[in-house]
Protein chains: 4
Amino acid sequence: MSSTFGRVFTLTTYGESHGPGIGGVVDGCPAGLPLDEALIQRELDRRRPGARPETGNMGSARRESDTVHLLSGVFGGITTGTPIAFSIANEDKRSADYGPLADLWRPGHADMTYDAKYGVRDYRGGGRSSGRETAARVAGGAIAQALLALHGIRIRAFATEVGGLAAEWTESELDDAETRPYSAASASVIPSWDELAAVTRARGDTLGGVVTVEALGVPAGLGEPVFHKLDAVLAQALMSVGAVKGVEVGEGFGAARLLGSQNNDRMRPASADNGFKPQWESNHAGGILGGISTGAPIVLRAAVKPIPSVALPQRMVTRRGESLDMSIGGRHDICAIPRVVPVLKAMTALVLADMLLWQCRMDAVNLHAWEGRRPSCEGH
Amino acid sequence: MSSTFGRVFTLTTYGESHGPGIGGVVDGCPAGLPLDEALIQRELDRRRPGARPETGNMGSARRESDTVHLLSGVFGGITTGTPIAFSIANEDKRSADYGPLADLWRPGHADMTYDAKYGVRDYRGGGRSSGRETAARVAGGAIAQALLALHGIRIRAFATEVGGLAAEWTESELDDAETRPYSAASASVIPSWDELAAVTRARGDTLGGVVTVEALGVPAGLGEPVFHKLDAVLAQALMSVGAVKGVEVGEGFGAARLLGSQNNDRMRPASADNGFKPQWESNHAGGILGGISTGAPIVLRAAVKPIPSVALPQRMVTRRGESLDMSIGGRHDICAIPRVVPVLKAMTALVLADMLLWQCRMDAVNLHAWEGRRPSCEGH
Amino acid sequence: MSSTFGRVFTLTTYGESHGPGIGGVVDGCPAGLPLDEALIQRELDRRRPGARPETGNMGSARRESDTVHLLSGVFGGITTGTPIAFSIANEDKRSADYGPLADLWRPGHADMTYDAKYGVRDYRGGGRSSGRETAARVAGGAIAQALLALHGIRIRAFATEVGGLAAEWTESELDDAETRPYSAASASVIPSWDELAAVTRARGDTLGGVVTVEALGVPAGLGEPVFHKLDAVLAQALMSVGAVKGVEVGEGFGAARLLGSQNNDRMRPASADNGFKPQWESNHAGGILGGISTGAPIVLRAAVKPIPSVALPQRMVTRRGESLDMSIGGRHDICAIPRVVPVLKAMTALVLADMLLWQCRMDAVNLHAWEGRRPSCEGH
Amino acid sequence: MSSTFGRVFTLTTYGESHGPGIGGVVDGCPAGLPLDEALIQRELDRRRPGARPETGNMGSARRESDTVHLLSGVFGGITTGTPIAFSIANEDKRSADYGPLADLWRPGHADMTYDAKYGVRDYRGGGRSSGRETAARVAGGAIAQALLALHGIRIRAFATEVGGLAAEWTESELDDAETRPYSAASASVIPSWDELAAVTRARGDTLGGVVTVEALGVPAGLGEPVFHKLDAVLAQALMSVGAVKGVEVGEGFGAARLLGSQNNDRMRPASADNGFKPQWESNHAGGILGGISTGAPIVLRAAVKPIPSVALPQRMVTRRGESLDMSIGGRHDICAIPRVVPVLKAMTALVLADMLLWQCRMDAVNLHAWEGRRPSCEGH
């Protein structure tokens, strides 16, 4: 079940870049959730290809409407508890662009490894390994986000670094990030990213970056020790996105350089000021302790590698082991950051929806009379 | 199945820090693997507590023999294909040390989150959230490593950074790393880590660090796109270890700052020099492309946070929301690095054994006549 | 993952009776299997509704072409190892027929239980609980049968009893059963079943029956003790088909009345006559011992209940607890037997494909030098 | 994960008949359930070998105390939500009895199939395929029954047929069945079963039988269509017990011979008499419609084959294909019925606990305002 994610709220996806279409099945969504195609389409529109304001200077010329169709699981505008299937047709397929690549192993792409694994490969546009596959994640994640919203959980994401140029931002800027070009954490960094993108495009090269994802309103108690800790499954979720090469929670690698006394988060005791709920004074942990949510915001960072399809000529080999120098055609983005933001949000939402249902089940059968003793905490 | 890891080669663990014992069940191991307790004990000895040469200045005074007993699945010295159960008794339990902690939420520990999730908690020594749980991972990982060894796969791990002090090393030093104090990547860094540990212990504080894990000899073709990519599952595996807050593959966060033309790995074409197998010229990808192994070494880095049990007095709250200042008693390490190294190796081995079996199954029923066309590659 | 079946070779299905369509995703099929829509269509045509020769006197007037479309996972006529998605549009929907049933709990249907479970329900034609859902099983099973055929495994099924009238047959008649009306085990029973169907239709009532499924050419060694024994998973598979109320393996309930000395199957010793492979002399076990295939044919029987939609007026209640007497409209079969036969074949094939891949994986990494000692057996 | 059962409330078992011991791990049990060893021991005592009143004339001379030890997951007398491990030592091992069987394929046993599957085999007492494995199921099932009891669900089982001699009983006799020899459905049948057992033992032969399992108090709404229907998973559960060759739900094979108008269950409309809850008037369906519980009692029947270890000499072959005539030594029961009853109860409980938690999760997040409209029903 390589293409299924989750254990209670699950998403199964299918589809290649240049086949008839892509799509997926969400199984395990509770009955009664209001759902329609427009809600899913909004998220898909954030990911679809093309030079749009949000993609800044980094988008390609490829055009796809990425129109989603719901096929099952919804009746009278609400979910029925049965599998929710959706499909997205592939429209702007110029498969002829890819003919010359049939035997080629493009550097930084999965061509060589798919050949090694399967022996055969749909080489058109990357086939299954194309970033196009992530549209189905975004659709599934939109359903997860609708479920989370009803429980007061909201996910936001923003780019904090492109090509080594880091943004500086204030907390108040973050909620608007997704309306900015590149989903930039701050407006002030945009001109320099614009310029970097222009220069890089002119050089025929590509850029990487860093995205921060935050989940707000997550109650304490989500996550399943020991192997399915909340941070462990989030790490799988984000790292399963093709371009991601690193994942951090809270202080991340920075925690390795702190002293224990610095890295430990303290709580403010219960008082009239905080409604008699202990409150976190800091959030070095990124909202997760022992693999379980603390009630503070969940903070994740993902490192996104530069797009491997550079216009510059590169030396490459064919599956027969021959060498040749060539430049990759096709229509490619300069940087994955603008379009990967909704994908990382979607993956985070899928994990949280799954963990929420997993936990609710236990709450529902909670047998021990610890009511009144169970702690409740406010986020930072 | 929160305490089960893997899908074909699976490990289920159990046990609390101060209960009768811990242990686990490995299911899905093929029949015919030579296995005995000594082989598992060797790995456990690397993880067990106590001030030993390998733990340098960082170990605690707690003593456990961590003796493993095999209970099933082995007959006449080889595995039979049935579940392999093992148990490790808890010996040096001073549960009385923990009585005062029953209502306390220790900073940086999972006390608050276990209370939030379960309502009840075995507070003695951290219970299920104790690092002691990782001994069962090490035992399971030892079985996985035995299976991998027969397929020419070897895993090594070494500490590259402690408390912000980075080691510098040469490739030739790495195979011996596990025989050094701290599993240090180089001998030259040991004195400065010794000193840092001594100073930190004197101040009542603790340290974090960074560990690199490498898997050598992994054939191209392992990993299951799209959600169970090799890097995604490795990220889950490493992040599921309590102290880990960040995971990188290959260049990791560094990849976000490279240009596409720099980050792409090139292959040397097939020639008489390389036995007519294309060979990787670099390994920025860390041995994984599109979620599938490339045949080059798999390179992972894990950020390990400082141990939260500092001797310094800390402000903390109880589950009733009261505040108090106290210092954590018990016997604690200064830094998790020396003892987490075998745990990270074990988790990496569990993933690779699982993926190897997953792939073998497909190879065994390979239906298409692509023999002779299937690529084979040499690692870097 | 209620709508996912299997662990290595998996089928996920979706769709309601009167929504846009139904379909599914097969994941885990090895690369290299020749596959096209025609191969799947052949099996679907055996299940589709309508009065056809194969449905004898038992079919309804509903017409569906049940045309399948492949959406992914096949390239150049062979599978690529990625998910194989397929869709089947719903055509002959007369949803207006069902309006009056919105609040009604039809006897013998899942109306009441879906309401109890989900609170909401797509009441049109049974929604997800409609027998229409089984078309996706048949499509998935066709892919499984293609995989099995390449390994010399063939599945056949035949009706042995309808409305209490049992067929008598000879072994030589069985391979042709699926070409006969009702997939009858023998030609001689057809006239009496024709007559029984006509009489029952005239009375406004419906019939049940018994189907035998046999898998031929299954090698010894498939099945995963202890909980995923071959017979256990086959029982789940057949019982998951809506109308099935009982499952037997080999002698089934008859075994409960035999003495041990009668029920034990004996083997003929190796000799020149049987190519030095021990051979089964009888097959009371139905090809499975200890949950693992023996090499003899696998023999299963499924009890199929009468179709609950009888034309006779029945007393029923609404979801508000009111009582009323009415007769079910719509267009319904008299007996599920003719159309359930391909469904039971499909479910059997899905189990065997899954178990075959599960086992191949182990064979591929078999480590112990027992070659030459491993037994091979011929079926009965 | 062949030795893991369930998806939310899971049981993983291990152990061979003549190794150090057997045991298991229950994962997913909610925190707060009162649990101790005595509760588990009570169920184990019903299954343990030996000539006791309950085993009537059918028991063997083998003696095992089957003493269970809890190793984790319980603190202060209640479950903590973490894995609950337990172990049962093997005591009365006379492995020397089995030496001569090392190369022998005993008729009706899994010797041949384990050799075919794994190539190696712990031949002592059947190893993993021994009925001894079921003790771990009984222990796990005892925990499940404790959970179910708190939700008002109770499971009872009784033997209705031995060696073809059927019991006749009245409803009022069933609650006491487990206190009778053979767990007989009625007291009146015991003398004839006693005699049959005596005669059969004298002839060196063995007997099979039929067991009915009923679950009372199961709320409507449990079961997960379409592949994990309640009846489908129950069928897997019962058929996974070694000796079971057939499973029926409700009318079972009898349903195949009824007319639709006979087999359909009707409901009594809501009225003051039934507290305004519609009530089932009959229960041909055995408490399950569309794979979901109806609120009526769940009724299952399992066919148990005769014990294959007959004292009569039998012709058998070795793994080398040689033939010999011999009689099976060791100490064996005449009939599995008395000891299989608690095993079948345990398996039923494991399924219901799993399905209960699966459903509770959905109830807990139920989003649609259908309260007041959701039906509630009383069982038959």
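Letters go in sequence order (proteins before strands), and every chain restarts at 1.
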- Message: Is D:L312 in contact with chain C via its backbone, its side chain, both, or neither, using a 4.5 Å heavy-atom distance?
- Response: side chain
- Task: With a 4.5 Å cut-off on heavy-atom pairs, point out which of C:T206, C:L300, C:V210 contacts chain D the most.
- Result: C:T206
- Task: Would you sort out whether D:D111 and D:L104 count as a side-chain contact (heavy atoms from CB on, under 4.5 Å), showing the intermediate values?
- Result: CA-CA 7 Å; D:D111 301 345; D:L104 212 59; 5.5 Å; no
- Query: When only pairs under 4.5 Å are counted, which of C:P269, C:G290, C:G208 shares the most heavy-atom pairs with chain D?
  - Reply: C:P269
- Message: Which atoms of C:S293 are under 4.5 Å from chain D, going by heavy atoms: the side chain, the backbone, both sets, or neither?
- Response: backbone
- Hey, what do you get for CZ (C:F253) to NZ (D:K305), rounding to the nearest 0.5 Å? 15.5 Å
- Nearest-0.5 Å distance, CG of residue D:L165 to CZ of residue C:R257: 11.0 Å
- Message: Quick check on the interface: out of D:G286, D:G291, D:A285, who has the most heavy-atom pairs with chain C under 4.5 Å?
- Response: D:A285
- Note on the structure: Answer key: most heavy-atom pairs under 4.5 Å with chain D among C:Q262, C:E251, C:M1, C:R203 is C:M1
- Task: Sort out for me which of C:G223, C:G254, C:C335, C:G204 touches chain D most, counting heavy-atom pairs under 4.5 Å.
- Result: C:G223
- Rounded to the nearest 0.5 angstrom, the OH-OG1 distance for D:Y118 and D:T113 is 9.0 Å
- Message: Less than 4.5 Å apart, side chain to side chain, heavy atoms only: is that true for C:F5 and C:Q236?
- Response: yes
- Item | Rounded distance (nearest 0.5 Å) linking atom CG of D:L222 with atom NZ of C:K117 | 6.5 Å
- Message: Is it true that D:R128 and D:T13 share a donor-acceptor pair across their side chains at a distance under 3.5 Å?
- Response: yes
- Taking it one step at a time, do C:N264 and D:Q314 satisfy side-chain hydrogen bond (donor to acceptor under 3.5 Å, both in side chains)? CA-CA 9 Å; C:N264 284 346; D:Q314 298 177 93; 2.7 Å; yes
- Message: Under 4.5 Å from any heavy atom of chain C, what part of D:A302 do you find: side chain, backbone, both or neither?
- Response: backbone
- Quick one: what part of D:E133 sits under 4.5 Å from any heavy atom of chain C, side chain, backbone, both or neither? side chain
- Item | Minimum-distance pair of heavy atoms, taken over all atoms of D:R315 and D:S323 | CD-OG, 3.1 Å
- Task: Please flag which part of C:D265 lies under 4.5 Å from any non-hydrogen atom of chain D: side chain, backbone, both or neither.
- Result: backbone
- Note on the structure: Assert top hit (heavy-atom pairs under 4.5 Å, partner chain D, pool C:L258, C:V244, C:L207) equals C:L258
- Message: Using the rule given for side-chain hydrogen bond (donor to acceptor under 3.5 Å, both in side chains), can you reason through C:D205 versus D:S261, listing the C-alpha separation, both sets of side-chain angles and the distance that settles it, and then say yes or no?
- Response: CA-CA 6 Å; C:D205 220 325; D:S261 60; 2.5 Å; yes
- Task: Please determine if D:R132 and D:E16 form a salt bridge, counting it only when a charged side-chain N lies under 4.0 Å from a carboxylate O.
- Result: no
- Can you say whether C:L11 sits under 4.5 Å from chain D via the side chain, the backbone, both, or neither, judging by heavy atoms? both
- Please report the closest heavy-atom contact between C:D115 and C:W105, naming both atoms and the distance. OD2-NE1, 2.9 Å
- Task: Can you measure from CH2 (D:W280) to OG1 (D:T294) and round to the nearest 0.5 angstrom?
- Result: 5.5 Å
- Task: Examine whether an atom of C:A243 lies under 4.5 Å from a heavy atom of chain D, and if so say whether it belongs to the side chain, the backbone or both; otherwise answer neither.
- Result: neither
- Task: Check whether C:M347 gets within reach of chain D through its side chain, its backbone, both or neither, counting any heavy atom under 4.5 Å.
- Result: side chain
- Go through the atoms of C:V317 and report whether side chain, backbone, both or neither lie under 4.5 Å from a heavy atom of chain D. side chain
- Query: Is there a side-chain contact between C:V211 and C:R301, using heavy atoms and a 4.5 Å cut-off?
  - Reply: no
- Item | Which portion of D:T134 sits near chain C, non-hydrogen atoms under 4.5 angstrom | neither
- Segment of C:E161 engaging chain D (4.5 angstrom heavy-atom cut-off): side chain
- The interface call for C:R268 against chain D, heavy-atom contacts under 4.5 Å, is backbone
- Item | Which atoms of C:S129 approach chain D - backbone, side chain, both or neither, heavy atom under 4.5 Å | neither
- Item | Choice from C:A235, C:P219, C:G250, C:P225 maximising heavy atom contacts with chain D below 4.5 Å | C:P225
- Interface check, chain C: of D:G246, D:G321, D:A256, most non-hydrogen pairs under 4.5 Å belong to D:A256
- Please look at C:T318 and chain D and tell me whether the side chain, the backbone, both or neither of the residue comes under 4.5 angstrom of a heavy atom of that chain. neither
- Message: Is D:K229 in contact with chain C via its backbone, its side chain, both, or neither, using a 4.5 Å heavy-atom distance?
- Response: side chain
- If we only count heavy atoms from C-beta on, is the D:M267 to C:M316 side-chain gap below 4.5 Å? no
- Message: Under 4.5 Å from any heavy atom of chain C, what part of D:V304 do you find: side chain, backbone, both or neither?
- Response: backbone
- Message: Let's test your reading of the structure: which of D:L259, D:V310, D:V249, D:I337 forms the most heavy-atom pairs below 4.5 Å with chain C?
- Response: D:L259
- Message: I'd like to verify something: which residue of D:H109, D:H284, D:E322, D:R320 has the highest number of heavy-atom pairs under 4.5 Å with chain C?
- Response: D:H109
